Amino acid sequence: MAKVLVVTSGKGGVGKTTSTAALGAALAQTGQTVVVVDFDVGLRNLDIVMGAERRVVFDMINVIQGEARLTQALIRDKRIETLSILPASQTRDKDALTSEGVAQIIAELREKFEWVICDSPAGIERGATLAMHHADVAVIVTNPEVSSVRDSDRIIGLLDSKTEMAKRGERIEKHLLLTRYDAARAARGDMLKTEDVLEILSIPLLGIIPESAEVLRASNLGTPVVLSNPDAAPARAYVDAARRLMGQHVAMVVPGEKKSFMTKLFGRRVA
Amino acid sequence: MAFVLSPDAPLRDWLAELDAQIERSASFFAGRPIVVDLSSLPQSDPDLDTLFDALRARGIRVIGAEGTDGLTPAIQSLGGPLIGGRPLGLYEVPDDPPEEPVRPDPTSMVLDTPVRSGQTIVFPPGDLTVNGSVASGAEIMAGGSIHVYGTLRGRAIAGVTGNPQARIFCSKLDAELISIDGLYMTADDMDSFRGKSIHARLTGSSIIITEIK
């Protein structure tokens with residue numbers, strides 16, 4: 001059974017697109033068929049992060065308006081055979097997304113892939129509500145920071161009231177992905193602690209992605225971080241999160257805990 | 001005195017009409033002795049034998065039949081046709097629909113999910129209980145008291161329909177605003193109670209907060 005997953009947050013710049021690319025690549029690496037879908041019509045980014053920006057011929061809006069078939073718009077990833085991307089249009093705006101068109105595309109993708117990962121635009125307007133509308137599972141990307149947490153809370157409220165599942169009276173499965181987590185700043189109390197975020201949002205934790213230059217580098221390279229540097233801490237955290245999405249039990253690693261042990265050993269000499 | 005039913009052909013239609021009548025006045029036939037007048041029916045109606053069973057199935061107690069000389073097994077089982085008797089005119093069955101159990105409107109509401117930022121919950125008839133937290137940017141309003149078994153981070157407005165007796169209880173106070181009967185208090189005025197279990201009530205024209213220990 002295909003699963004439709006929405007990566008959403010409310011707030012911009014917290015790492016939705018990076019997380020979509022990384023989770024998509026990590027799931028596809030296990031041999032499952034995955035499509036990542038960009039819903040940010042007018043401000044598309046997923047194609048760049050996936051390194052497919054020069055391969056876009058047709059996009060989702062072309063498919064909705066009947067100018068191209070879905071198979072023509074899908075771009076297969078060059079590194080992982082089971083990974084595809086459906087780009088958004090850069091020249092149109094979000095009004096070009098119709099709910100019938102989106103429903104049709106999601107239904108077709110459900111037949112072709114095991115995972116349909118929708119990269120939601122920021123905000124709570126049309127693009128974001130359509131991206132979450134057909135989802136079975138939601139990953140809420142949150143930074144350990146008050147404004148991001150409140151926006152996530154707002155999004156969770158919408159997931160519980162505005163989605164297809166909510167309208168059927170079912171509860172959508174929700175997971176928290178804490179990104180840009182800086183262990184040192186958390187220790188100093190400059191950032192919200194993980195347990196504070198969990199207490200406020202009261203949804204299960206999918207993973208903690210440490211703040212890392214590796215993530216920025218991967219995004220500029222056009223390679224999901226799990227492929228560009230599989231040994232880096234954020235890459236491992238994304239792989240673990242993907243395995244949890246598949247229902248596997250993986251112990252949670254809080255970034256910095258290991259490092260703090262190392263700094264205990266070596267840090268004193270420096271200080 | 002017995003009531004007389006006068007079936008006419010076709011019997012199926014007449015029974016449907018009877019059902020409609022029973023629907024309107026459910027208790028009318030209960031316990032009443034009924035005589036069936038068969039004079040408007042053709043004596044050879046093949047449904048005649050099933051008529052009595054159909055009536056009994058509807059809870060109608062048939063004590064006899066008149067207006068017939070037929071000696072079908074069904075009429076024989078009643079001891080043959082009745083003779084004599086004096087009609088007293090038509091009787092209109094009074095409308096007496098089955099009584100709907102009267103359920104009073106609920107005066108309290110319980111939520112088992114956290115109230116998320118941007119959501120507004122309004123319950124004017126009475127008390128509102130939230131079994132979870134109320135997020136920053138969320139708003140809950142009740143005509144009566146408000147109980148929050150979790151952290152109250154948003155706004156809680158009690159006694160919105162003009163009730164100075166309304167109160168606010170929460171297991172952890174971190175509210176943006178609380179209000180009772182139109183009087184309000186903002187976060188700055190509650191600093192000393194932040195993070196505590198509290199109980200807020202109205203005394204005169206001020207909101208009094210006490211810690212619950």
Side-chain angles (χ1 to χ4, degrees), chain A residues 6 8-12 14 120 122-126 128-129 132 135 138-163 165-176 189 192-205, chain B residues 106 109-124 128-142 146-157 168-179 186-191 193-198 211-212:
Chain A
V6 62
T8 186
S9 70
K11 196 174 186 305
V14 294
S120 170
I124 52 173
E125 282 78 36
R126 191 178 186 80
T129 47
M132 69 169 71
V139 169
I140 293 114
V141 182
T142 306
N143 293 165
E145 176 226 334
V146 182
S147 57
S148 172
V149 171
R150 183 160 81 178
D151 290 0
S152 294
D153 196 67
R154 178 90 168 99
I155 281 289
I156 296 169
L158 294 178
L159 285 165
D160 284 337
S161 59
K162 293 278 193 298
T163 54
M165 274 188 99
K167 284 174 186 159
R168 286 202 303 265
E170 296 167 42
R171 281 189 89 73
I172 187 166
E173 191 183 319
K174 296 174 288 282
H175 300 280
L176 175 68
L192 284 177
K193 288 201 228 33
T194 309
E195 49 280 23
D196 293 341
V197 180
L198 285 172
E199 202 263 320
I200 293 173
L201 295 179
S202 56
I203 56 171
L205 182 63
Chain B
M109 178 183 183
V110 180
L111 291 179
D112 271 318
T113 50
V115 183
R116 303 287 181 182
S117 184
Q119 289 183 323
T120 304
I121 309 288
V122 186
F123 186 70
L128 173 63
T129 305
V130 182
N131 192 12
S133 293
V134 177
S136 155
E139 196 168 53
I140 53 173
M141 295 187 214
I146 288 176
H147 306 258
V148 179
Y149 294 95
T151 310
L152 172 60
R153 297 190 180 87
R155 297 162 161 232
I157 299 163
I168 296 172
F169 298 84
C170 70
S171 32
K172 194 173 172 194
L173 180 74
D174 196 9
E176 291 158 358
L177 178 143
I178 58 170
S179 164
T186 52
D188 291 344
D189 305 320
M190 314 179 229
D191 257 349
F193 293 99
R194 194 155 298 277
K196 292 177 176 152
S197 292
I198 63 104
E211 193 181 343
I212 304 171

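Lettering of chains follows the sequences in order, A, B, ..., and the numbering in each one begins at 1. Owing to the predicted nature of the structure, the values given are computational and were not obtained by experimental measurement.
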Subject >> Close side-chain approach of B:Thr151 to A:Glu199, heavy-atom, < 4.5 Å >> reply: yes
Original post:
Mind checking whether A:Leu158 and B:Arg116 have side chains closer than 4.5 Å, heavy atoms only?
Top reply: no
Original post:
Closest heavy-atom contact between A:Asp153 and B:Val115?
Top reply: OD2-O, 4.3 Å
**OP:** List the atom of B:Gly118, the atom of A:Arg154, and the distance in Å for their closest heavy-atom pair.
**Re:** CA-CD, 3.6 Å
Original post:
Roughly how far, to the nearest 0.5 Å, is the CD1 atom of A:Ile156 from the OG1 atom of B:Thr113?
Top reply: 12.0 Å
**OP:** Go through the atoms of A:Ile203 and report whether side chain, backbone, both or neither lie under 4.5 Å from a heavy atom of chain B.
**Re:** side chain
Original post:
Take atom OH in B:Tyr149; do more than 12 heavy atoms of anything else shown fall under 6.0 Å from it?
Top reply: no
Subject >> Members of residues 129-139 of chain B whose heavy atoms come closer than 4.5 Å to chain A >> reply: B:Ser133, B:Ala135, B:Ser136, B:Gly137
